[in-house]
Student: 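Mind having a look at this structure? Questions to follow.
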Protein chains: 2
Amino acid sequence: MGLNDEVGRRLRELRQQQRLSLSELARRSGVGKGTLSELEGGRRNPTLDTLYALTTALDSPLSAVLSDHPRHAFEAGGEGVSGDAVTAVLIERFEEPPAVTDVFRIRIAAGSVQESAAHIADTSESLMVLTGTAVVGDPAQPQTAGPGEYAHWRADTPHLYSAPTGDVHGILFVRYPRAGAHRA
Amino acid sequence: MGLNDEVGRRLRELRQQQRLSLSELARRSGVGKGTLSELEGGRRNPTLDTLYALTTALDSPLSAVLSDHPRHAFEAGGEGVSGDAVTAVLIERFEEPPAVTDVFRIRIAAGSVQESAAHIADTSESLMVLTGTAVVGDPAQPQTAGPGEYAHWRADTPHLYSAPTGDVHGILFVRYPRAGAHRA
DNA sequence: AGGTGGCGTTCTGTTTACGGAACGTTCTGT
DNA sequence: ACAGAACGTTCCGTAAACAGAACGCCACCT
């Protein structure tokens, strides 16, 4: 049930869908046909270059051959249940001398509450809600933001994310100083 | 030109986002730290197993590290609201029954002023400034927003975008009622 | 100060993914 | 029947990806 079995299987499927022989794909991609044979059989652990050469020759994106695991846990580790209450994917990162801003596409699962530990000093977060109603920020004085609304809070203290009434989608901004100090 | 440079760069970004040291990530993923160091430097051609071990330890999907979607989608993304002074690329669109929200990556050229005509009724816009200082909104009472700050204005009247002191980068939200009949 | 422990890089020996050659098989055509 | 050619698999020498050790650096101890 290896990852390489999976990738090999997909590779073979893709090739056969295009009515290409193993030899022909090897020729077009520049990959040795022995390599390709063992790869499709899941008996090899391909390098990125090899995968890229093959998917390109198959006119497919790399993702066509990788088991797409579209889950990303936000703020994993730390305390508490880092479950699937909040998922976030980085879509942009801005760096300028004094600070860095990360822009995430975020989803808060319906009915869930997640508390996040403090980040480094002078970190702040902002949320633009796209759909749903979010309750976020300081646990003592949380803010509520609905579709099209905006919230801003300090993130150098513990803070929470929750979606009491239904799934929330939004864009989250995390802004923190550029200095590289570590906290305990 | 390397695919491996790109992957290495993303890997490092992801790791730093999570405030993990190289050594710590190596420990958690079971990947040798020498390997990880050279990988982040683009001096290696990682195998699938290695990539998977790393992205799993980073709680990210494999695709987060493959130049496939995340950032190239922006460059490829076509639809823009472009004038002389303002360039914008759509990065996300949310549709829910009452309204649609478009999320743009926006740049306002230094020293420029652009006025936009009124959009349809009940349209509003919000801007999160990432770098620079923007002056935006109602021409009679424009708002100023610096890095990390936020502005919101009605867009069903003429409104302006300007960057008096230097290039401005940000994320622009345009929210408008859903086209067509009002359905409950 | 010396010591301790973290960091990221470079070095080293082992393992293995690679391209290509050699192989057995099957399917043409003459 | 026998080429001839294509197929996919297995073999082989080489290049390189790997884990881990050794290194130099810096911060914080006692």
Side-chain angles (χ1 to χ4, degrees), chain A residues 2-58 62 65-67 77-78 95 100 117 119-121 176-184, chain B residues 1-58 62 65-67:
Chain A
L3 176 59
N4 290 324
D5 292 333
E6 187 73 12
V7 167
R9 204 177 49 73
R10 288 183 194 226
L11 215 41
R12 176 160 283 168
E13 272 176 20
L14 260 179
R15 172 174 67 79
Q16 290 176 344
Q17 271 168 19
Q18 303 190 16
R19 305 280 191 275
L20 283 175
S21 70
L22 187 150
S23 305
E24 177 60 22
L25 176 57
R27 214 169 293 127
R28 292 193 192 179
S29 62
V31 168
K33 68 176 175 170
T35 299
L36 182 48
S37 173
E38 296 192 87
L39 219 111
E40 288 191 352
R43 297 185 292 284
R44 272 263 236 292
N45 172 22
T47 62
L48 186 55
D49 279 354
T50 299
L51 274 186
Y52 183 76
L54 288 171
T55 54
T56 300
L58 286 167
L62 265 171
V65 99
L66 301 170
S67 43
E95 301 191 46
V100 178
H119 299 284
I120 60 172
Y176 53 91
R178 194 145 209 262
H182 247 53
R183 72 176 192 84
Chain B
M1 62 188 201
L3 175 61
N4 291 324
D5 291 336
E6 191 71 13
V7 167
R9 203 177 52 73
R10 280 169 203 272
L11 216 41
R12 177 161 284 168
E13 272 182 18
L14 259 180
R15 173 173 66 80
Q16 291 177 342
Q17 236 105 71
Q18 303 191 16
R19 313 286 181 276
L20 285 175
S21 69
L22 188 150
S23 305
E24 178 60 20
L25 176 56
R27 214 168 295 126
R28 293 192 192 182
S29 62
V31 168
K33 67 176 176 171
T35 298
L36 183 49
S37 174
E38 297 191 84
L39 223 120
E40 288 190 352
R43 297 185 294 283
R44 272 261 237 290
N45 173 24
T47 62
L48 186 55
D49 279 354
T50 300
L51 274 186
Y52 184 75
L54 288 170
T55 54
T56 300
L58 286 167
L62 266 172
V65 101
L66 301 171
S67 52

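In this text the structure is predicted, and so the values were computed from the model without any measurement. A, B, ... follow the sequence lines: proteins, then strands. Residue 1 opens every chain.
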Student: Return the value, rounded to whole Å, for the distance between atom CG of B:L22 and atom P of C:dG8.
Tutor: 5 Å

Student: Tell me: CD of A:E40 to C1' of D:dT9, nearest whole Å?
Tutor: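 The distance from CD of A:E40 to C1' of D:dT9 comes to 12 Å, rounded to the nearest Å.
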
Student: If we ignore hydrogens and angles and just use 3.5 Å, is the side chain of A:N45 paired with the main-chain N or O of B:T47 as donor and acceptor?
Tutor: no

Student: Provide, to the nearest angstrom, the distance between the CG atom belonging to A:L11 and the C1' atom belonging to D:dG8.
Tutor: 15 Å

Student: Between D:dA21 atom P and B:L36 atom CG, what is the distance in whole Å?
Tutor: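 To the nearest whole Å, that distance equals 17 Å.
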
Student: For C:dC7 and B:S21 - does any side-chain N or O of the residue sit under 4.0 Å from the phosphate oxygens OP1/OP2?
Tutor: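 The answer is yes; a side-chain N or O of B:S21 sits under 4.0 Å from OP1 or OP2.
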
Student: Between A:L54 and A:S29, which heavy-atom pair has the shortest distance, and what is it?
Tutor: CD2-OG, 3.4 Å

Student: Set out, in order, the CA-CA distance, both residues' side-chain angles and the distance that settles salt bridge (Lys or Arg N to Asp or Glu O under 4.0 Å) for B:R9 and B:E6, then state yes or no.
Tutor: CA-CA 5 Å; B:R9 203 177 52 73; B:E6 191 71 13; 3.2 Å; yes

Student: Please check if the side chain of A:T56 supplies one atom and the backbone of A:Y52 the other of a donor-acceptor pair under 3.5 Å.
Tutor: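 Checked: pair present.
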
Student: Nearest whole angstrom, please: distance from the P of D:dG8 to the CZ of A:R12.
Tutor: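 Going from CZ in A:R12 over to P in D:dG8 covers 8 Å.
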
Student: Over all heavy atoms of both residues, which pair between A:A26 and A:L36 is shortest? Give the atoms and the distance, please.
Tutor: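 Closest heavy-atom pair between A:A26 and A:L36: N-CD2, 3.9 Å.
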
Student: About how many Å separate CZ of A:R44 and OG of A:S37, when rounded to the nearest 0.5 Å?
Tutor: 9.0 Å

Student: Between B:T55 and B:L51, is there a donor-acceptor pair closer than 3.5 Å when you use the side chain of the first and the backbone of the second?
Tutor: yes

Student: I'd like a list of close polar pairs between nucleotides 16-20 of chain D and the protein, N/O only, cut-off under 3.5 Å.
Tutor:
from   : atom 1 : to    : atom 2 : distance (Å)
D:dC18 : OP1    : B:T47 : N      : 3.1
D:dC18 : OP1    : B:T47 : OG1    : 3.1
D:dC18 : OP1    : B:T50 : OG1    : 2.3
D:dC18 : OP2    : B:R44 : NE     : 3.3
D:dA19 : OP1    : B:G30 : O      : 3.3
D:dA19 : OP2    : B:G32 : N      : 2.8
D:dA19 : OP2    : B:T35 : OG1    : 3.3
D:dA19 : N7     : B:T35 : OG1    : 3.2

Student: Starting at CZ of A:R19 and ending at P of D:dC7, how long is that distance when rounded to a whole Å?
Tutor: 15 Å

Student: Given 3.5 Å as the limit, does a donor-acceptor pair link the side chain of A:T50 with the main chain of A:P46, or not?
Tutor: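 Not at all, since once roles are kept as given, no pair shorter than 3.5 Å links the two residues.
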
Student: Ignoring backbone atoms, establish whether B:R27 has a side-chain N or O less than 4.0 Å from OP1 or OP2 of C:dC7.
Tutor: yes

Student: Anything below 3.5 Å on both distances counts as a pair; with that, list the stems of at least three consecutive Watson-Crick or G-U pairs involving DNA chain C.
Tutor: C:1-30 with D:1-30

Student: Looking at B:R15 and B:E24, is there a salt bridge between them, counting it only when a charged N and a carboxylate O are closer than 4.0 Å?
Tutor: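 No.
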
Student: Rounded to the nearest Å, what distance is computed from the CZ atom of residue B:R15 to the C1' atom of nucleotide C:dT9?
Tutor: 12 Å

